[in-house]
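For reference, the structure is listed below as C-alpha coordinates.
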Amino acid sequence: MKFMKIVTWNINGVRARIDNLLHWLKESAPDIVCLQEIKTVDEGFPRFEIEALGYNVETHGQKGFNGVAILSKLPFDEVNRGLPGDDSDEQARFIEGVFSTDKGALRVVSLYLPNGNPVGTEKFPYKLSWMARLERWAAERLALEEALVLAGDYNVIPEAIDARNIELWLGDALYQPETRQAFRRLENLGFTEAVRSVTDQPDVYTFWDYQAGAWQKNNGIRIDHLLLSPEAANRFTSASIEKHVRAWEKPSDHVPVAIDLNLVAA
DNA sequence: ATGGTTGCTCGGCAA
(Lines give C-alpha, C1' and ligand atoms only; values in the text may rest on other atoms or scores of the structure.)
Protein backbone atom coordinates (compact mmCIF):
# COMPACT_ATOMS: atom_id res chain seq x y z
CA MET A 1 0.00 0.00 0.00
CA LYS A 2 1.43 3.32 -1.09
CA PHE A 3 0.57 6.17 1.30
CA MET A 4 0.46 9.82 0.40
CA LYS A 5 3.52 11.66 1.69
CA ILE A 6 3.01 15.33 2.56
CA VAL A 7 5.98 17.44 3.66
CA THR A 8 6.50 20.98 4.95
CA TRP A 9 9.88 22.69 4.57
CA ASN A 10 10.95 26.27 5.19
CA ILE A 11 13.59 26.40 2.47
CA ASN A 12 14.97 29.89 3.27
CA GLY A 13 15.33 31.09 -0.32
CA VAL A 14 14.35 28.70 -3.13
CA ARG A 15 16.87 30.10 -5.62
CA ALA A 16 19.77 29.72 -3.18
CA ARG A 17 18.49 26.21 -2.33
CA ILE A 18 17.54 24.82 -5.76
CA ASP A 19 20.30 22.18 -5.85
CA ASN A 20 19.35 20.98 -2.37
CA LEU A 21 15.66 20.99 -3.29
CA LEU A 22 16.08 18.93 -6.47
CA HIS A 23 18.33 16.40 -4.71
CA TRP A 24 15.89 16.14 -1.82
CA LEU A 25 12.85 15.69 -4.11
CA LYS A 26 14.54 12.72 -5.78
CA GLU A 27 15.61 11.20 -2.45
CA SER A 28 12.45 11.80 -0.43
CA ALA A 29 9.88 11.35 -3.24
CA PRO A 30 7.09 13.35 -1.58
CA ASP A 31 3.64 13.58 -3.17
CA ILE A 32 2.91 17.09 -1.88
CA VAL A 33 5.46 19.66 -0.64
CA CYS A 34 4.64 22.87 1.24
CA LEU A 35 7.48 25.39 0.96
CA GLN A 36 7.93 28.59 2.97
CA GLU A 37 10.27 31.55 2.65
CA ILE A 38 10.78 31.12 -1.08
CA LYS A 39 11.97 34.78 -1.05
CA THR A 40 11.12 35.44 -4.68
CA VAL A 41 8.32 36.74 -6.85
CA ASP A 42 6.36 34.10 -8.78
CA GLU A 43 8.31 34.82 -11.99
CA GLY A 44 11.60 34.06 -10.21
CA PHE A 45 10.54 30.64 -8.92
CA PRO A 46 12.61 27.82 -10.54
CA ARG A 47 9.52 25.97 -11.67
CA PHE A 48 10.82 24.26 -14.80
CA GLU A 49 13.42 22.09 -13.06
CA ILE A 50 10.77 21.02 -10.53
CA GLU A 51 8.11 20.38 -13.16
CA ALA A 52 10.65 18.17 -14.95
CA LEU A 53 10.53 15.86 -11.90
CA GLY A 54 6.78 15.44 -12.34
CA TYR A 55 5.44 18.12 -9.99
CA ASN A 56 2.72 20.66 -10.49
CA VAL A 57 3.83 24.01 -9.03
CA GLU A 58 1.72 26.80 -7.48
CA THR A 59 3.36 29.79 -5.85
CA HIS A 60 2.43 32.87 -3.85
CA GLY A 61 5.60 34.91 -3.99
CA GLN A 62 6.85 38.29 -2.82
CA LYS A 63 9.96 40.30 -3.62
CA GLY A 64 12.81 39.58 -1.25
CA PHE A 65 10.94 38.17 1.74
CA ASN A 66 8.31 35.61 2.73
CA GLY A 67 6.59 33.70 -0.08
CA VAL A 68 5.05 30.21 -0.03
CA ALA A 69 4.48 27.44 -2.57
CA ILE A 70 2.95 24.01 -3.02
CA LEU A 71 4.50 21.32 -5.23
CA SER A 72 2.27 18.34 -6.01
CA LYS A 73 2.33 15.15 -8.06
CA LEU A 74 -1.48 15.34 -7.96
CA PRO A 75 -3.14 17.93 -10.18
CA PHE A 76 -4.58 20.96 -8.38
CA ASP A 77 -8.38 21.16 -8.49
CA GLU A 78 -8.30 24.62 -6.88
CA VAL A 79 -5.72 27.11 -5.56
CA ASN A 80 -6.31 30.01 -3.14
CA ARG A 81 -3.69 32.61 -2.31
CA GLY A 82 -3.59 34.78 0.81
CA LEU A 83 -5.17 34.37 4.25
CA PRO A 84 -8.62 36.01 4.28
CA GLY A 85 -9.60 38.56 6.90
CA ASP A 86 -7.45 41.62 6.15
CA ASP A 87 -7.38 43.11 2.65
CA SER A 88 -4.58 45.49 3.69
CA ASP A 89 -2.16 42.62 4.46
CA GLU A 90 0.37 42.52 1.59
CA GLN A 91 2.59 39.74 2.98
CA ALA A 92 2.66 36.44 1.05
CA ARG A 93 2.32 33.83 3.77
CA PHE A 94 -0.53 31.50 2.78
CA ILE A 95 -1.51 29.27 -0.12
CA GLU A 96 -4.16 26.53 -0.21
CA GLY A 97 -4.43 23.68 -2.72
CA VAL A 98 -7.31 21.24 -3.17
CA PHE A 99 -6.82 17.73 -4.55
CA SER A 100 -8.99 14.70 -5.37
CA THR A 101 -8.32 11.42 -3.58
CA ASP A 102 -10.01 8.03 -3.34
CA LYS A 103 -11.51 9.24 -0.03
CA GLY A 104 -12.73 12.61 -1.27
CA ALA A 105 -11.23 16.09 -1.23
CA LEU A 106 -7.85 16.78 0.34
CA ARG A 107 -7.05 20.39 1.26
CA VAL A 108 -3.44 21.33 1.96
CA VAL A 109 -2.22 24.73 3.18
CA SER A 110 1.37 25.98 3.12
CA LEU A 111 1.63 28.75 5.72
CA TYR A 112 4.43 30.98 6.99
CA LEU A 113 3.24 32.46 10.24
CA PRO A 114 4.81 35.82 11.16
CA ASN A 115 7.91 35.62 13.37
CA GLY A 116 6.73 38.47 15.60
CA ASN A 117 10.11 39.64 16.90
CA PRO A 118 11.01 41.85 18.53
CA VAL A 119 8.22 41.68 21.09
CA GLY A 120 7.24 45.26 21.89
CA THR A 121 7.18 46.38 18.25
CA GLU A 122 4.28 46.32 15.80
CA LYS A 123 5.53 42.93 14.62
CA PHE A 124 4.18 41.08 17.65
CA PRO A 125 0.56 42.25 17.41
CA TYR A 126 0.74 41.53 13.66
CA LYS A 127 1.65 37.93 14.54
CA LEU A 128 -1.22 37.62 17.00
CA SER A 129 -3.76 39.14 14.62
CA TRP A 130 -2.55 36.80 11.85
CA MET A 131 -3.08 33.86 14.23
CA ALA A 132 -6.60 35.09 15.04
CA ARG A 133 -7.37 35.31 11.31
CA LEU A 134 -6.00 31.78 10.83
CA GLU A 135 -8.22 30.50 13.64
CA ARG A 136 -11.33 32.04 12.06
CA TRP A 137 -10.43 30.66 8.63
CA ALA A 138 -9.69 27.19 10.04
CA ALA A 139 -13.01 27.04 11.90
CA GLU A 140 -14.83 27.65 8.61
CA ARG A 141 -12.81 25.02 6.78
CA LEU A 142 -13.33 22.40 9.51
CA ALA A 143 -17.07 22.72 8.97
CA LEU A 144 -16.53 21.17 5.53
CA GLU A 145 -15.54 17.91 7.29
CA GLU A 146 -12.80 17.20 4.73
CA ALA A 147 -9.24 15.95 5.07
CA LEU A 148 -7.37 19.20 5.78
CA VAL A 149 -3.65 19.63 6.47
CA LEU A 150 -2.34 22.98 7.76
CA ALA A 151 1.41 22.67 7.21
CA GLY A 152 4.12 25.21 7.65
CA ASP A 153 6.52 27.28 9.67
CA TYR A 154 4.30 28.38 12.56
CA ASN A 155 7.06 30.27 14.38
CA VAL A 156 5.57 28.80 17.56
CA ILE A 157 7.41 26.74 20.19
CA PRO A 158 4.37 24.95 21.64
CA GLU A 159 5.91 23.69 24.89
CA ALA A 160 9.18 23.86 26.85
CA ILE A 161 10.03 20.35 25.61
CA ASP A 162 10.17 21.76 22.07
CA ALA A 163 13.43 23.66 22.71
CA ARG A 164 16.85 22.41 23.77
CA ASN A 165 17.30 25.44 26.06
CA ILE A 166 13.93 27.04 26.70
CA GLU A 167 15.57 29.72 28.84
CA LEU A 168 16.98 31.21 25.63
CA TRP A 169 13.44 31.76 24.26
CA LEU A 170 11.58 33.19 27.25
CA GLY A 171 11.63 36.72 25.82
CA ASP A 172 11.10 35.61 22.23
CA ALA A 173 7.88 36.02 20.24
CA LEU A 174 7.99 32.29 19.43
CA TYR A 175 7.37 31.36 23.08
CA GLN A 176 5.26 34.19 24.49
CA PRO A 177 2.19 33.08 26.51
CA GLU A 178 -0.10 34.83 23.98
CA THR A 179 1.60 33.00 21.09
CA ARG A 180 1.30 29.59 22.73
CA GLN A 181 -2.28 30.22 23.77
CA ALA A 182 -3.25 31.18 20.20
CA PHE A 183 -1.66 27.97 18.92
CA ARG A 184 -3.57 25.91 21.49
CA ARG A 185 -6.81 27.66 20.52
CA LEU A 186 -6.19 26.67 16.91
CA GLU A 187 -5.45 23.05 17.88
CA ASN A 188 -8.49 22.91 20.12
CA LEU A 189 -10.81 23.63 17.22
CA GLY A 190 -10.27 19.94 16.53
CA PHE A 191 -6.82 19.50 14.96
CA THR A 192 -4.21 16.85 15.69
CA GLU A 193 -0.61 18.12 15.76
CA ALA A 194 0.98 15.29 13.81
CA VAL A 195 4.50 15.03 15.22
CA ARG A 196 3.65 15.50 18.90
CA SER A 197 0.76 13.02 18.57
CA VAL A 198 3.23 10.19 17.87
CA THR A 199 6.04 11.00 20.34
CA ASP A 200 6.44 12.40 23.83
CA GLN A 201 10.22 12.51 23.48
CA PRO A 202 12.39 15.64 23.93
CA ASP A 203 15.11 16.71 21.49
CA VAL A 204 12.76 16.62 18.48
CA TYR A 205 13.58 19.78 16.52
CA THR A 206 12.97 21.24 13.05
CA PHE A 207 15.12 24.41 13.17
CA TRP A 208 18.68 25.14 14.18
CA ASP A 209 19.96 28.72 13.87
CA TYR A 210 22.92 29.38 11.57
CA GLN A 211 24.57 31.31 14.39
CA ALA A 212 26.73 30.30 17.33
CA GLY A 213 27.09 26.65 16.32
CA ALA A 214 23.45 25.84 17.08
CA TRP A 215 23.43 22.76 14.80
CA GLN A 216 26.68 21.37 16.20
CA LYS A 217 25.37 21.86 19.75
CA ASN A 218 21.89 20.54 18.86
CA ASN A 219 20.51 23.83 20.13
CA GLY A 220 17.27 23.44 18.17
CA ILE A 221 13.57 24.27 18.39
CA ARG A 222 10.45 22.61 16.99
CA ILE A 223 8.46 25.26 15.13
CA ASP A 224 7.42 23.56 11.85
CA HIS A 225 4.11 21.75 12.34
CA LEU A 226 1.35 19.89 10.51
CA LEU A 227 -2.17 20.23 11.93
CA LEU A 228 -4.64 17.57 10.80
CA SER A 229 -8.43 17.82 10.68
CA PRO A 230 -10.27 14.76 12.12
CA GLU A 231 -10.76 13.37 8.61
CA ALA A 232 -7.01 13.70 7.93
CA ALA A 233 -6.01 12.42 11.38
CA ASN A 234 -8.08 9.29 10.77
CA ARG A 235 -5.86 8.55 7.75
CA PHE A 236 -2.60 9.52 9.46
CA THR A 237 -0.08 6.66 9.69
CA SER A 238 3.36 8.14 10.46
CA ALA A 239 5.48 11.27 10.85
CA SER A 240 9.20 11.88 10.38
CA ILE A 241 11.68 14.73 10.55
CA GLU A 242 14.32 14.58 7.80
CA LYS A 243 17.04 15.90 10.04
CA HIS A 244 19.98 14.74 7.91
CA VAL A 245 19.20 17.51 5.39
CA ARG A 246 20.47 20.08 7.94
CA ALA A 247 24.00 18.62 7.54
CA TRP A 248 24.09 19.11 3.75
CA GLU A 249 26.20 21.80 2.06
CA LYS A 250 24.43 25.19 2.05
CA PRO A 251 21.48 23.97 4.14
CA SER A 252 18.32 25.80 5.08
CA ASP A 253 18.13 26.47 8.81
CA HIS A 254 14.90 24.37 8.80
CA VAL A 255 14.51 20.70 7.82
CA PRO A 256 11.61 18.90 6.07
CA VAL A 257 8.85 17.49 8.30
CA ALA A 258 6.86 14.66 6.66
CA ILE A 259 3.65 12.74 7.27
CA ASP A 260 1.98 9.80 5.54
CA LEU A 261 -1.76 9.67 5.02
CA ASN A 262 -3.60 6.53 3.97
CA LEU A 263 -4.98 8.10 0.80
CA VAL A 264 -4.29 7.77 -2.90
CA ALA A 265 -4.96 10.06 -5.83
CA ALA A 266 -8.42 9.70 -7.30
C1' DA B 1 29.02 36.69 23.92
C1' DT B 2 24.16 43.11 23.11
C1' DG B 3 27.73 38.64 19.35
C1' DG B 4 27.01 35.09 16.08
C1' DT B 5 25.24 33.60 10.15
C1' DT B 6 22.63 33.58 5.89
C1' DG B 7 19.65 35.42 1.94
C1' DC B 8 18.20 39.10 -0.78
C1' DT B 9 20.29 42.53 -2.83
C1' DC B 10 24.77 45.43 -2.88
C1' DG B 11 23.06 48.87 2.71
C1' DG B 12 20.40 47.14 5.74
C1' DC B 13 16.73 44.40 7.03
C1' DA B 14 14.67 39.95 8.35
C1' DA B 15 15.26 35.80 10.57
Side-chain angles (χ1 to χ4, degrees), chain A residues 8-24 33-47 49-50 59-69 83 89-94 110-131 134 151-158 162-176 178-180 182-183 205-225 241 243-257:
Chain A
T8 181
W9 189 15
N10 180 323
I11 197 164
N12 189 21
V14 70
R15 287 178 296 172
R17 214 72 61 209
I18 185 61
D19 291 345
N20 270 10
L21 176 58
L22 295 173
H23 185 262
W24 173 77
V33 184
C34 298
L35 297 176
Q36 301 88 39
E37 283 205 271
I38 63 173
K39 293 187 173 180
T40 177
V41 294
D42 295 333
E43 296 72 28
F45 194 92
R47 64 164 51 243
E49 301 96 305
I50 295 166
T59 63
H60 184 37
Q62 180 178 345
K63 182 179 167 63
F65 307 102
N66 303 326
V68 289
L83 177 62
D89 185 358
E90 304 285 342
Q91 300 193 30
R93 297 179 173 276
F94 184 99
S110 178
L111 68 90
Y112 178 46
L113 207 145
N115 176 292
N117 281 303
V119 176
T121 69
E122 73 291 343
K123 291 175 186 246
F124 189 59
Y126 173 66
K127 176 182 193 140
L128 296 179
S129 68
W130 205 94
M131 294 183 85
L134 180 61
D153 178 358
Y154 280 74
N155 273 311
V156 174
I157 302 170
D162 297 308
R164 175 70 171 221
N165 296 115
I166 198 61
E167 297 78 13
L168 300 175
W169 301 94
L170 295 180
D172 196 285
L174 279 58
Y175 193 66
Q176 290 307 292
E178 299 95 324
T179 304
R180 298 172 60 208
F183 186 70
Y205 308 128
T206 65
F207 168 92
W208 295 261
D209 202 289
Y210 289 123
Q211 303 182 68
W215 168 245
Q216 289 75 13
K217 292 189 276 194
N218 195 27
N219 180 18
I221 51 177
R222 196 175 70 89
I223 58 175
D224 299 274
H225 309 297
I241 296 177
K243 184 177 177 178
H244 67 287
V245 174
R246 186 63 177 79
W248 289 359
E249 289 294 315
K250 263 178 78 74
S252 171
D253 40 8
H254 298 249
V255 296
V257 183

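Values reported hereafter were calculated over all heavy atoms of this structure, with side chains retained and with hydrogens, waters and symmetry mates removed. Quick note on labels: first sequence line is chain A, next is B, and so on, each numbered from 1.
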query = Using a cut-off of 4.0 Å on non-hydrogen atoms, how would the nucleic acid contact of Phe207(A) be classed: base, sugar-phosphate, or nothing?
reply =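 Phe207(A): no heavy atom of the nucleic acid under 4.0 Å.
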[X]: what forms a salt bridge (Lys or Arg N to Asp or Glu O under 4.0 Å) with it, not counting sequence neighbours?
X	result
Arg246(A)	none
Arg180(A)	Glu159(A)
Arg93(A)	none

Starting at atom [atom1] of [X], determine the distance to atom [atom2] of [N], rounded to an integer number of angstrom.
X	N	atom1	atom2	result
Asn165(A)	dA1(B)	CG	C1'	15 Å
Gln62(A)	dA15(B)	CD	P	10 Å
Gln36(A)	dA14(B)	CD	C1'	16 Å
Asp172(A)	dA14(B)	CG	C1'	13 Å

note = Per-nucleotide protein contact along nucleotides 2-13 of chain B, 5' to 3', at a 4.0 Å heavy-atom cut-off (B base, S sugar-phosphate only, - neither), is --BBSSSS----
query = Can the ring centroids of Trp9(A) and Trp24(A) be said to lie less than 6.0 angstrom from one another?
reply =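 Here the rings of Trp24(A) and Trp9(A) have centres that are less than 6.0 Å from each other.
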Nearest-Å distance once atom [atom1] is located in both [N] and [M]:
N	M	atom1	value
dG3(B)	dC8(B)	P	26 Å
dA1(B)	dC13(B)	C1'	22 Å
dT9(B)	dA15(B)	P	15 Å
dT2(B)	dG7(B)	C1'	23 Å

inquiry  = Taking side chain to side chain donor-acceptor pair (under 3.5 Å) as the definition, give me every residue that meets it alongside Asn155(A), ordered by chain and number, with sequence neighbours left out.
reply    =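 Asn155(A): no side chain to side chain donor-acceptor pair (under 3.5 Å) contacts found.
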ask   = Among all residues two or more places apart in sequence or in another chain, which pass the side chain to side chain donor-acceptor pair (under 3.5 Å) test with His23(A)?
value =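 Here no residue qualifies.
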request  = Would you mind telling me which residue lines up with the more 5' stretch of DNA chain B, Asp253(A) or Lys217(A), judged by nearest nucleotide?
outcome  =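 Nearer the 5' end of the strand: Lys217(A).
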